[in-house]
2 protein chains.
Amino acid sequence: MSASDAVKFINPGDTVAISGFASAGTPKVVIPALAERIHRTRGNGSNFTINLLTGASVSTETERLLAEVDGIALRMPYQSEATARRRINDGRMDYVDIHLSHVAQQVWEGYYGNVDVAVVEVAGITESGELIPSASIGNNKTWLDVADRVILEVNSWVPEAMEGIHDVYYGTALPPHRKPLEIIRVEDRIGQTTFRVDPTKVVAVVETNCRDSASPLTAPDAVSEAIAGHVLEFFDFEVRAGRMPADTLLPLQAGIGNVANAVLGGLDRGPYRGLTCYSEVIQDGMLKLIKDGTVAHASSTALALTEEGIEELTANIDFYRHHITLRPQEISNHPEVVRRLGIIAMNGMLEADIYGNVNSTHVMGTKIMNGIGGSGDFARNGYVSMFLSPSTARGGEISAIVPMVPHVDHTEHDTQVLVTEQGLADLRGLSPRRRARLIVDKCAHPEFRPLLHDYIARADAQPGAGQTPHILGEAFSFHQRYIDTGSMRLS
Amino acid sequence: MSASDAVKFINPGDTVAISGFASAGTPKVVIPALAERIHRTRGNGSNFTINLLTGASVSTETERLLAEVDGIALRMPYQSEATARRRINDGRMDYVDIHLSHVAQQVWEGYYGNVDVAVVEVAGITESGELIPSASIGNNKTWLDVADRVILEVNSWVPEAMEGIHDVYYGTALPPHRKPLEIIRVEDRIGQTTFRVDPTKVVAVVETNCRDSASPLTAPDAVSEAIAGHVLEFFDFEVRAGRMPADTLLPLQAGIGNVANAVLGGLDRGPYRGLTCYSEVIQDGMLKLIKDGTVAHASSTALALTEEGIEELTANIDFYRHHITLRPQEISNHPEVVRRLGIIAMNGMLEADIYGNVNSTHVMGTKIMNGIGGSGDFARNGYVSMFLSPSTARGGEISAIVPMVPHVDHTEHDTQVLVTEQGLADLRGLSPRRRARLIVDKCAHPEFRPLLHDYIARADAQPGAGQTPHILGEAFSFHQRYIDTGSMRLS
């Protein structure tokens, strides 16, 4: 049926769980039609909001349309769109920002109430009624299982050749019925290639032919290249210390964005062959690494490719199918698997403090940027947790190294290596006082180092300074100065 | 040989890894002899320090003796003793406070350099040269494997009958060689009852006959009983919601101390039969629960019993051996097992803030109390993470609910239920603004509620307040007032 007919199955107050992870696999037409319906209903003086559950971020356009009409009462678990962000920060939209590996189990447990409708994009429907996933899996398996009503978008644009790349595991359960996940290597398959759905729940099938919308990546700048250089040097150091196999390292997880791309790009120039990646999102750069043999296998929950990347994938799908596995995000981010594989976790951050606490989410401690996403799943349980960022932001007005972060997403117990373009601070085995000096010397921008050292020295000199010396009245002086003057600089 | 001869195998600058977890299984005579030797050496004008690695806390006496002679350069991973605490807070002792599940793997990876000596208490040595563990396992398996030299204390006081209660798993490995841990139920055994040791590394065997030193528990006070009451009510709520089996709930983890004891004591009065516990420490109260049939099986890494508890255990060991399993702490706290079993994690806290961030370790953000211990292992990966505390401390001068915690050990993403004697705040599925109001109304002491609500209202009213509104200049006003006046109260 048409999208505008399909949205009649969505009622005010419904909890709506949709497909989509990064730019991949968001439903293309039903949600815009829902936004339109909400807009009309509101024009008639009635209220209409939904609770929106997703994999992670969804297509920018989709998130924006729903946010613009104030259609979302509660949003979970991750977003990265400007209008939604504004609504959340204005207190007009509830947003619950949780670890991506926790989403499926929390919904199953009923923390978000009943799921009324699932809107899931698929690549096709088999003769036996199973669903062929599209370019992301995210929480789709869970949405199809738990929702009362299911709306399918069958997107004929998704290359048929993609069939078989997915590994949908149906062995998860709630406690006390859980069993070991039998993934020993990144490439292990433990599930099936399709989703199951109870056909009596399917209230609408809408046909589409729309491409995903990944924006092309920009070439890494000098700062990103410098960060990547420090990371690659660290890998060499770990190999020399006998902690990683020389050719293949350990499975890599990298967030998305310029810095992650620069690191992945750098791998191609290193001595590595047969690397593996166990992460959330595969972007264009990964295809090149796979083609070269630098990466032997990449597992993720989403294929967020540009037009060019999709063409490359489609043209060589028989090759790539052997080197890529897409999994539900409860598996791509599962603490059990992350710990077992010994993942090298590389995630971006907004800022870190002198003791290694990391803020990934809240600008100046109050305004949400995106969310914690899967960073905690990987950082806590991986082999080594690295956090990467340029040492300054806003043309040098903001320091990424501060006395105390006003919001903590990763605690001092969970951050082992901090990297900026200035250098790399290896915090493993160090007490807080030693960490403080190292972080400032290695990672802070030279312009902010004297200010930070001055803070450390005065905090240390207080009587009864403690294990993590701070001057509480000054701990946020960098942030307060930025709020007051637009700069963390002194003058 | 004698303890004073054995300590000649410990050199200045050595990294010494010893047995001991809570009051259970600390070596009894070698470490006091080492403290004595350090004292004498220092009297002769030479320096003598070691790096000390343990399971968690060790016996208070042992920790104190070494700290008093300034014998510890670096301490890892947990302590709870006054002299050591003072040295750490004075900046005279390095202390690295990490998740207990991370200790063994970090030592294997070499983050703490070479381990020169292991000093491990055992209950006996078999004819084939295997070691019978004493009342705790902790990291002993790892210490015996990685140390260059091994000193054994064979403690004939440990009841022989305890043999067979241990499950020492030798299947752990470093990545990329890890395999699933085949623990599906709390009572599953996957290892052997003894430790292995390379006999050529054993440089000394010292015989002892000394009891462990658990202090008797005090009876729960009214505040602890009130907290326990809220927790038990929550269990009922979860059972009614269909999220836990009615008789057996899900495996329980409780920290140690008065509040945990009150909760466990309360279970005896509830409708439960055949409960399970998967935790770090078993104390006297657990024996009673096992005897009654309230608890069917308890797994931990330490048996920290009083004299009376040891007598009860010994007299009925053939019964208890079927209901208790002691494991290495890398298994008792393993994220894979914690997640799979779906543990109900109940840990103490110093304070929580209005958005649910929890400080477990640093008084006023600077002075270490004990350490994070295993709380993060259970809170992050369990089925539900609960944090418990009286609503005030120091006779009401300190509020356990504050605008912002000045040190974060458990982030807002990891705390689902907060409990004080005032009530229980169920934060699941709630956005930060909703959490703030609920935490204050349910958990804060009535005396501090108006101050907290006033802060929330003024923070919310700021232009561009954000998702987690704060007034940075006032976020620590409660703490600053306490530092200045000795009270968080206004007047």
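Every chain is numbered from 1, with letters handed out A, B, ... down the list of sequences.
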Using non-hydrogen atoms and a 4.5 Å limit, figure out which bit of [X] sits close to chain A: side chain, backbone, both or neither.
X: B:D94; value: both
X: B:R433; value: side chain
X: B:Q416; value: side chain
X: B:L250; value: side chain
X: B:P245; value: side chain
X: B:H407; value: side chain

Counting only heavy atoms closer than 4.5 Å, note whether [X] contacts chain B via side chain, backbone, both or neither.
X: A:P251; value: neither
X: A:H362; value: side chain
X: A:D409; value: both
X: A:Y112; value: side chain
X: A:I88; value: both
X: A:D377; value: backbone
X: A:R380; value: both
X: A:S101; value: both
X: A:Q105; value: side chain
X: A:P469; value: backbone
X: A:I183; value: neither
X: A:L430; value: backbone
X: A:R434; value: side chain
X: A:M76; value: neither

Side-chain H-bond candidate by donor/acceptor type, [X] with [Y], under 3.5 Å:
X: B:H410; Y: B:S375; result: yes
X: B:N381; Y: B:R340; result: no
X: B:H99; Y: A:D414; result: yes
X: A:Y455; Y: A:H470; result: yes

Are the charged groups of A:E109 and B:R428 less than 4.0 angstrom apart, N to O? no

salt_bridge(B:E330, B:R178) N-O dist < 4.0 Å: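 No, no charged N to carboxylate O under 4.0 Å.
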
Under 3.5 Å, side chain of [X] to main-chain N/O of [Y], donor-acceptor pair present?
X: A:R339; Y: A:G342; value: no
X: A:R87; Y: A:R92; value: no
X: A:R243; Y: A:E238; value: no
X: A:N359; Y: A:M349; value: no
X: B:E336; Y: B:L181; value: yes
X: B:N333; Y: B:P335; value: no
X: A:D353; Y: A:V402; value: no
X: A:R481; Y: A:D484; value: no

Which one, A:D97, A:V338, A:V405, A:V337, leads in non-hydrogen pairs under 4.5 Å with chain B? A:D97

Please determine, among A:R185, A:H102, A:H479, the option with the most heavy-atom pairs under 4.5 Å with chain B.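 The candidate making the most pairs under 4.5 Å is A:H102.
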
Looking only at heavy atoms and a cut-off of under 4.5 Å, which of [options] has the most pairs with chain A?
options: B:E182, B:R85, B:Q106; value: B:E182
options: B:W108, B:Y95, B:Y111; value: B:Y111
options: B:D426, B:I184, B:V408, B:T276; value: B:V408

At what distance, to the nearest 0.5 angstrom, does CD1 of B:I372 lie from CD1 of B:I98?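 If I round to the nearest 0.5 Å, the distance is 10.5 Å.
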
